[in-house]
Each structure stands twice: as C-alpha cells, then as structure tokens.
Visitor: 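My questions will all concern the structure given below.
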Amino acid sequence: MTGLPSTLPVRVAPALLRPRTSAYRTTMLVVAAGGLVNFALLYYVQPLLPALAHDFGVAPADSGLALSVCTLGMLAGLVITGPLADRLGRTRVMAASLVIAGALSLLGAFAPSWPLFLAARAAAGIALAGFPSIALATLRERIHEDAHARANATYIAATAVGGALARVFPGPLAAVGGWRLPTYLFGAVTVLIGVFVVVVLRGRENTVRTAGASGDLGATFRALADRRTALLCLLGGVNMAVFVGVYNAVAFRLEAAPFTLGASEALVYLAYPIGILAPAVFRLVSTRFSRRTTAGAGAVLLAVAVAVLIPSALPTVLVGLGILTFGFLGTHGVLSAWVVDAAHRAGRSTTGASSAYLLVYYLGSTVAGAASTSLWSAGGWAAITGLGFVMAAVSGILVAALRSSERRGRSIRTTR
C-alpha cells in the first residue's frame, strides 16, 4: 500500500469563517487585541522623544532612533516570520511575538544608557514582527470572501486604537513617573495580551494552510517581483514615511515656541482617534468606486494635512493631525487588504505578500523616523513640510503607476 510519507502531513483547507459565529468572533478578538498592543508598543516612544533626549543626554536629531531601531528590527524579523509560523504554528508565533516584545520593553525600562535602551528597542522590534504579517495573512485565508474586507478594516481600526493610546497616554504618564512609567505599562500590557492569545486559542491551533500560504524565506522577495505588488508596497512605505515623519517632529514642535505645551501636548494627540473610523470609511468608498481611486484620495488627504499643519496655531495642528491620521490609516487599510487579496487570487503566498508589504512599510518608517528629527534640527517645521509634500507627490505618482499597471494587465489578458 502506498501513500504520503509520514513526515509530510496531509493539509486540508479549513472552513472559512463567517460573521456572527463564535469562531469568527474569537479570531477577530485575538487579532484585534494583538494588533492594538503591537502598534502601541511600537509607537509609544513618539511623544516621549523630547523626554528621552533630555534624560539620556542625546541630541534631538538622535532621539528618533528610539523608533527607527525598532522598525529596523521589524524589517529583520519579517524575513523569518513566515518560516517560523509554518514550523511552529501561527498561534504560537503570534503569542510569542507579543510576550517576548513586551518582556524586552520591560527590560528597556531599566536601561542605564542610550545604547542599551536602543538595543532593547531593536530586539523588541524583531519580536514584534511575528504578529502583523501572520495576522493579515490569517484574515485573508480564514475569513470568508464576503467578510474579508470588513475583517481587515476591523484589524486596522484596532491598530489605530493602539496608535491613539500610544500618543495620548505616554506624555501624562511621563509627567508623573518619567518615560520609564509608560514603558513599564505598555510592556506589561503587551505581555498580558500575548498570554491572552495563548489562553483563548489553546487547542485551536491551525497548522493547516492552503497552497498559497507558503512562508519560505524567498516568498517575501518573490512577492516583490510582481509589479503591482511592488507598487502597493512602495505606496504603503511612502504613506508611512509621511505619517511617521510628521508625528516624530510634531512632539518637538509642540514643546518649542510658540506652543511650549509640555505634558499638555497630549491633548493635541486627541486628533488621532479620528483615524479609527478611517478603515471602515475607506472600505466603503473602495467598494463604491475602486481601491485605486481610494488610494489616490488618501494621497490627496496627506498633502492637505501637511498644508493645514503649516500655520503655528493649535487649531490647525489639531485639524492637520486628524486629517493626516485619517488619510494614512484609511489608505493603509485598503493597501494591506489589497496586497494579500491579490496574492491569494493569484495562488501566491499570502504570508509572503503580507511580509513584503510590511517590509517596505516599516522601511519607510525607519528612514523617516531617523530623517525627520534630523530635518527638524536642521530646518525646523519648514523642512518637515517639504518632506511631507515630496512624499505626498510620490504617493500620487505611485497611484498613477498602479493605474498603468492595471491597464497593462487587462490588455495582456485581452490579447491571450
């Protein structure tokens, strides 16, 4: 009798999850909670950059490394995420990602020097990479086709909540206990959510994967060989660069004249929660028109936000940050769903496509995170404005290139 070797288990595609079922709710609860703390732990340092610069005695231009080394670590971690998930199981890798990243953040709170703090942040970034790419791929493969866009929008909205928490609370907490207090709290909560993932999904580990879910090392880079995927990834990275560049520099701007807000600058970050609605709104718009048109609208919103932020007045800063956050998160929601959906439909690795998108996405964050504080030190807000307008223009060019790519694809299919 012949059959498959015992070392190669038969893989059967799991049933797709539909809304209003317990399995769907459980999956969304875990993915949303993990996305929230993942984003919060990554970005809680942004409003603390002036405090970190002061406490460690480093120049403002160097303080942006607190974010950049973490996203740089994520770039390295994203390359190995897929293979680890296939070998160890997606649930284990997602949970371990949060527990390890949170623990490393707690260690960073005890760092006696700037290099050691940066080392803890970089290591936490490597660990954090284990959650988002697996989460996006899991949603595309486990959620029914009719509900995938809504599920993805829910996940992005959860990351927006994490981003809001990361901007609003660290400043007031630091005013009470220094930058170490929010570091303790965000690290501890991330560990707890990692444990929550294990407890909730215990016994539900999905070791089964579809043919398009391969997570080998080359899948990430093979995804970038596809022209449309590469354009979507670049668009995500450029949008991220505008977002991170502005938010890094605005912390210093609000501490300087004529604002000199100090800890009360946290009130300005209340503009961030506006972005929580963006993924759902952009999903509806993309359904009515198209993903490409919606991405183009997002590029326009980024340019509008940068323009609104030019005057040195609190109302315009508040409105500008709100528009920026809304445009960025809405565009990110559309692009992150688009890239894994395209891979799924083409029978390519969804984990590879997701990792490729996040790789370029966080590359944009890494570069802008370091450049923005240097630009602020060298040229003030005018330099940040210039960066924002250039990146918004590049976004528009990439959207136009997407349109050309889609036309070429239709032309090829017609001639066959």
Visitor: By side chain to side chain contact (heavy atoms under 4.5 Å, CB included), which residues pair with Val367, not counting sequence neighbours?
Guide: Leu363

Visitor: Listed by chain and number, what are the ring pair (Phe, Tyr, Trp, His ring centres under 6.0 Å) partners of Tyr184, not counting sequence neighbours?
Guide: Phe110

Visitor: When you compare the side chain of Phe131 with that of Val37, does any pair of heavy atoms fall below 4.5 Å?
Guide: no

Visitor: Atom CG in Leu234, atom CG in Asn239: separation rounded to 0.5 Å?
Guide: 11.0 Å

Visitor: Evaluate the side-chain contact (heavy atoms from CB on, under 4.5 Å) criterion for residues Tyr272 and Leu321: first the C-alpha distance (whole Å), next the side-chain angles of each, then the deciding distance (0.1 Å), finally the verdict.
Guide: CA-CA 7 Å; Tyr272 194 99; Leu321 289 179; over 6 Å; no

Visitor: So Tyr24 and Arg142, side-chain contact (heavy atoms from CB on, under 4.5 Å) or not? Walk me through it.
Guide: CA-CA 9 Å; Tyr24 176 89; Arg142 296 288 286 123; over 6 Å; no

Visitor: Between Thr159 and Ile156, is there a donor-acceptor pair closer than 3.5 Å when you use the side chain of the first and the backbone of the second?
Guide: yes

Visitor: Within the 4.5 Å heavy-atom criterion, are Leu359 and Cys233 side-chain neighbours or not?
Guide: no

Visitor: Given side chains that start at C-beta, do those of Phe56 and Ser63 come closer than 4.5 Å, heavy atoms only?
Guide: no

Visitor: Distance-only criterion, 3.5 Å: show the donor-acceptor pairs between side-chain atoms of residues 241-248 and protein atoms not counting sequence neighbours.
Guide:
| from | atom 1 | to | atom 2 | distance (Å) |
| --- | --- | --- | --- | --- |
| Tyr247 | OH | Thr325 | OG1 | 2.7 |
| Asn248 | OD1 | Gln46 | NE2 | 2.8 |
| Asn248 | ND2 | Gly369 | O | 3.0 |
| Asn248 | ND2 | Ser372 | OG | 3.4 |

Visitor: Can you tell if the side chain of Leu309 reaches within under 4.5 Å of the side chain of Val317, non-hydrogen atoms only?
Guide: yes

Visitor: What pairs of residues pass the salt bridge (Lys or Arg N to Asp or Glu O under 4.0 Å) test when at least one of them lies in residues 356-376, not counting sequence neighbours?
Guide: none

Visitor: With heavy-atom distances below 4.5 Å as the criterion, would you say the side chains of Thr373 and Phe252 are in contact?
Guide: yes

Visitor: Can you tell if the side chain of Leu104 reaches within under 4.5 Å of the side chain of Ile126, non-hydrogen atoms only?
Guide: no

Visitor: Return yes when atom CZ of Phe389 has more than 12 non-hydrogen atoms of other residues, nucleotides or ligands closer than 6.0 Å, and no otherwise.
Guide: yes

Visitor: Is Ser97 reaching over with its side chain to a backbone N or O of Val93, donor-acceptor style, under 3.5 angstrom?
Guide: no

Visitor: My understanding is that only residues two or more places apart in sequence, or in another chain, count here; which of them pass ring pair (Phe, Tyr, Trp, His ring centres under 6.0 Å) with Tyr361?
Guide: His332, Tyr357

Visitor: Which residue pairs pass the salt bridge (Lys or Arg N to Asp or Glu O under 4.0 Å) test when at least one of the two sits in residues 322-341, sequence neighbours left out?
Guide: Arg140-Asp341, Arg291-Asp341, Asp341-Arg345

Visitor: Got a second to check how far Ser354's OG is from Leu139's CG, nearest 0.5 Å?
Guide: 9.5 Å

Visitor: Just jot down the salt bridge (charged side-chain N to carboxylate O under 4.0 Å, His left out) partners of Asp226, sequence neighbours excluded, or say none.
Guide: Arg348

Visitor: Kindly state each residue pair satisfying ring pair (Phe, Tyr, Trp, His ring centres under 6.0 Å) with at least one member in residues 296-325, sequence neighbours excluded.
Guide: none

Visitor: How long is the straight-line distance from CG of Leu29 back to OG of Ser22, given to the nearest 0.5 Å?
Guide: 12.0 Å

Visitor: What's the spacing between Leu41 CG and Ile193 CD1 if we round to 0.5 Å?
Guide: 12.0 Å

Visitor: Tell me, which pairs form a ring pair (Phe, Tyr, Trp, His ring centres under 6.0 Å) where one or both residues lie in residues 280-325, sequence neighbours left out?
Guide: Phe282-Phe326

Visitor: By the salt bridge (Lys or Arg N to Asp or Glu O under 4.0 Å) test, which pairs, at least two apart or in different chains, include something from residues 375-401?
Guide: none

Visitor: Roughly how far, to the nearest 0.5 Å, is the CZ atom of Arg283 from the CZ atom of Arg288?
Guide: 15.0 Å

Visitor: Which atom pair, heavy atoms only, marks the closest approach of Leu128 to Cys70?
Guide: CD1-SG, 4.1 Å

Visitor: Do you know the tightest heavy-atom contact between Ala299 and Ser395?
Guide: CB-CB, 3.7 Å

Visitor: Looking at Arg121 and Leu42, would you say the former's side chain and the latter's main chain have a donor-acceptor pair under 3.5 Å?
Guide: yes

Visitor: Report yes if some heavy atom in the side chain of Val79 is under 4.5 Å from a heavy atom in the side chain of Ser355; otherwise report no.
Guide: no

Visitor: Would one find more than 12 heavy atoms of other residues, nucleotides or ligands at under 6.0 Å from atom NE2 of His54?
Guide: no

Visitor: Considering non-hydrogen atoms only, spot the tightest contact between Ala223 and Ala353 and give its length.
Guide: CB-CA, 3.9 Å

Visitor: Quick check: closest heavy atoms across Ala66 and Leu49, and the distance to 0.1 Å?
Guide: CB-CD2, 4.1 Å

Visitor: Are the side chain of Thr294 and the backbone of Ser290 linked by a donor-acceptor contact shorter than 3.5 Å?
Guide: yes

Visitor: Please, which pairs that meet side-chain hydrogen bond (donor to acceptor under 3.5 Å, both in side chains) have at least one residue in residues 106-118, sequence neighbours excluded?
Guide: none

Visitor: Taking side chain as C-beta onward, heavy atoms only, is Ile384 less than 4.5 Å from Arg253?
Guide: no

Visitor: Strictly distance-based, threshold 3.5 Å: is any side-chain N or O of Thr260 a donor or acceptor partner for the main-chain N or O of Ala257?
Guide: no

Visitor: Got a second to check how far Leu67's CG is from Leu48's CG, nearest 0.5 Å?
Guide: 11.5 Å

Visitor: Tell me, with the steps shown, if Trp381 and Val250 meet side-chain contact (heavy atoms from CB on, under 4.5 Å).
Guide: CA-CA 8 Å; Trp381 194 252; Val250 79; 4.2 Å; yes

Visitor: Checking Leu402 against Trp338 for the side-chain contact (heavy atoms from CB on, under 4.5 Å) test, could you report, in this order, the C-alpha distance in whole Å, the side-chain angles of both residues, the deciding distance, and whether it holds?
Guide: CA-CA 12 Å; Leu402 270 172; Trp338 193 354; 4.1 Å; yes

Visitor: I need the minimum non-hydrogen distance between Pro132 and Asn38, along with the two atoms involved.
Guide: CD-ND2, 3.7 Å

Visitor: When you measure from the side chain of Thr26 to the backbone of Ala23, do you find a donor-acceptor pair of N or O atoms at a distance under 3.5 Å?
Guide: no

Visitor: Restricting to non-hydrogen atoms, name the atom on Gly34 and the atom on Leu98 that form the minimum distance, rounded to 0.1 Å.
Guide: CA-CD1, 3.9 Å

Visitor: Under the rule for ring pair (Phe, Tyr, Trp, His ring centres under 6.0 Å), what residues qualify as partners of Tyr43, not counting sequence neighbours?
Guide: Phe39

